[in-house]
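Single-structure report; data block below.
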Amino acid sequence: MTKVLGISGSLRRGSYNSALLRAAARLMPEDATLEIASIRGIPLYDGDVEAQGIPAAVTQLKEAIITADGVLLVTPEYNNSVPGVFKNAIDWLSRPASDVKRVFGGRRFALLGASAGAFGTVLSQAAWLPVLRTLGTQPWFGARLMVARAAGVFDEAGNLKEALIEEQLKQFLAGYVAFLRRAAAGASRAGQPGQGGQAQGG
Ligand SMILES: Cc1cc2nc3c(=O)[nH]c(=O)nc-3n(C[C@H](O)[C@H](O)[C@H](O)COP(=O)(O)O)c2cc1C
């Protein structure tokens, strides 16, 4: 069973990105699961807070990442870049720096996103790349999915209502899970653990 952890970068109740993540959970290939995690409860990063200990919400999310085969970030776009609340969560997850390798090193990330605008998070997804690189992840670049003009793509209950996007999402997930499986098979042939140990960040 391939286990993916999905994280939406929006706290909004009616979030398109959270709706996209729920649709992804429904459309996962056979023998693969998508568990939905949340950034809710993660405080604003403050080095003084860190000095008193890593907040429980951060530790819990770290442990969920560590037990997953892959991590799917579903990102909004704010001012043509990464939303601060989502980046803040990833920044917390990268603390202390000695934990970066364990949490992110060689971990197989993928990006998706939905926005109200015409370009569907293309700039936000690009803005994540230096972050994922710095943390030593192994991003999957086999497909891209940017859900543009999201107000017309989801109904009021947050259900995906466009068959074309649903098909594209299904294909995206199939490609990503196949990548995770190839990586796991390669690691087991080489007698290595499936994940970790390749971090450049710290
Ligand atoms: C501060 C802010 C900046 C935004 N900047 C962009 C932008 O650069 N491009 C875009 O397509 N949408 C932008 N939007 C609109 C978002 O796409 C829209 O709010 C979307 O619903 C956010 O994702 P969510 O539904 O998952 O919360 C912005 C929204 C906010 C609040």
Side-chain angles (χ1 to χ4, degrees), residues 4-28 33-46 55 57-58 60-62 64-65 68 70-94 104 107-135 137 139-141 143-173 175-176:
V4 174
L5 186 78
I7 308 173
S8 165
S10 174
L11 296 170
R12 200 168 72 86
R13 206 177 309 120
S15 162
Y16 302 131
N17 286 279
S18 301
L20 186 61
L21 182 55
R22 289 195 301 274
R26 182 170 59 77
L27 297 170
M28 285 293 276
T33 60
L34 196 161
E35 182 194 333
I36 295 179
S38 173
I39 60 170
R40 191 171 294 284
I42 295 181
L44 282 178
Y45 178 77
D46 177 340
V58 176
Q60 277 167 21
L61 192 48
K62 277 187 185 183
I65 288 173
V71 180
L72 180 63
L73 300 182
V74 189
T75 186
E77 178 170 300
Y78 284 0
N79 297 315
N80 291 356
S81 191
V82 163
V85 285
F86 206 4
K87 176 68 163 44
N88 176 70
I90 298 294
D91 290 342
W92 260 120
L93 292 166
S94 72
F104 292 99
R107 201 162 300 284
R108 298 171 186 103
F109 275 66
L111 284 165
L112 274 178
S115 82
F119 303 104
T121 71
V122 65
L123 292 169
S124 167
Q125 291 194 33
W128 273 110
L129 300 183
V131 178
L132 295 178
R133 177 184 175 149
T134 295
L135 295 173
T137 68
W140 178 64
F141 292 139
R144 290 218 287 188
L145 181 52
M146 280 110 24
V147 178
R149 303 187 205 285
V153 171
F154 299 94
D155 68 18
E156 284 188 5
N159 299 308
L160 190 53
K161 62 178 187 183
E162 284 222 0
L164 179 62
I165 305 277
E166 180 158 319
E167 186 51 36
Q168 289 171 342
L169 180 56
K170 225 169 153 175
Q171 296 296 326
F172 180 99
L173 295 167
Y176 178 45

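In listed order, ligands and their atoms are each counted from 1. The analysis underlying the following values was restricted to heavy atoms, covering all of them including side chains, and did not include hydrogens, waters or symmetry mates.
Distance check, rounded to the nearest 0.5 Å: CD of Glu162 to CD of Glu167 gives 13.5 Å. Rounded to the nearest 0.5 angstrom, Ser18 OG and Arg12 CZ are separated by 8.5 Å. How far OG of Ser10 is from CG of Leu20: 11.5 Å, rounded to the nearest 0.5 Å.
In terms of protein heavy-atom proximity, atom 26 (O) of ligand 1 is closest to Ser15 OG, 2.6 Å. Nearest to atom 8 (O) of ligand 1 among the protein's heavy atoms is Asn80 N, 2.7 Å. Nearest non-hydrogen protein atom to atom 25 (O) of ligand 1 is Arg12 NH2, 2.7 Å. For atom 5 (N) of ligand 1, the nearest non-hydrogen atom of the protein is Asn79 N, 2.8 Å.
Side-chain contact check for Ser124 and Thr121: no donor-acceptor pair (N or O, by modelled atom type) lies under 3.5 Å.
By the 4.0 Å N-to-carboxylate-O rule, Glu166 lies close enough to Arg26 to be salt-bridged with it.
Residue Pro76 approaches ligand 1 through these ligand atoms, each under 4.0 Å from one of its heavy atoms: 23 (O). Counting atoms of ligand 1 from 1 in the listed order, those under 4.0 Å from a heavy atom of Ser10 are 24 (P), 26 (O), 27 (O). Of all atoms in ligand 1, numbered sequentially from 1 with element shown, those under 4.0 Å from a heavy atom of Gly117 are 11 (O). In the vicinity of Asn17, heavy-atom distances shorter than 4.0 Å reach the ligand 1 atoms 23 (O), 24 (P), 26 (O).
By the 3.5 Å distance cut-off applied to N or O atoms, Ala116 is counted among the residues near ligand 1. At a 3.5 angstrom cut-off on N or O pairs, Glu77 counts as close to ligand 1.
Of all heavy-atom pairs between Arg144 and Val122, the closest is NH1-CG2, 4.1 Å. The two atoms that bring Glu77 and Leu123 nearest to each other are OE1-N, 3.1 Å, heavy atoms only.
Compare Tyr78, Phe154, Phe119 by their heavy atoms: the one nearest to atom 31 (C) of ligand 1 is in Tyr78. For atom 10 (C) of ligand 1, the nearest non-hydrogen atom from the set Ala151, Ala19, Ser115 belongs to Ser115.
In this pair, Tyr16 and Phe154 present their aromatic rings parallel. The plane angle is below 30°, not in the 30 to 60° band.
Counting only heavy atoms, the protein never gets under 4.0 Å from atom 19 (O) of ligand 1.
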Task: ring-ring contact (aromatic ring centres under 6.0 Å, His included) assessment of Trp128 paired with Phe109 - done: CA-CA 11 Å; Trp128 273 110; Phe109 275 66; 9.0 Å; no

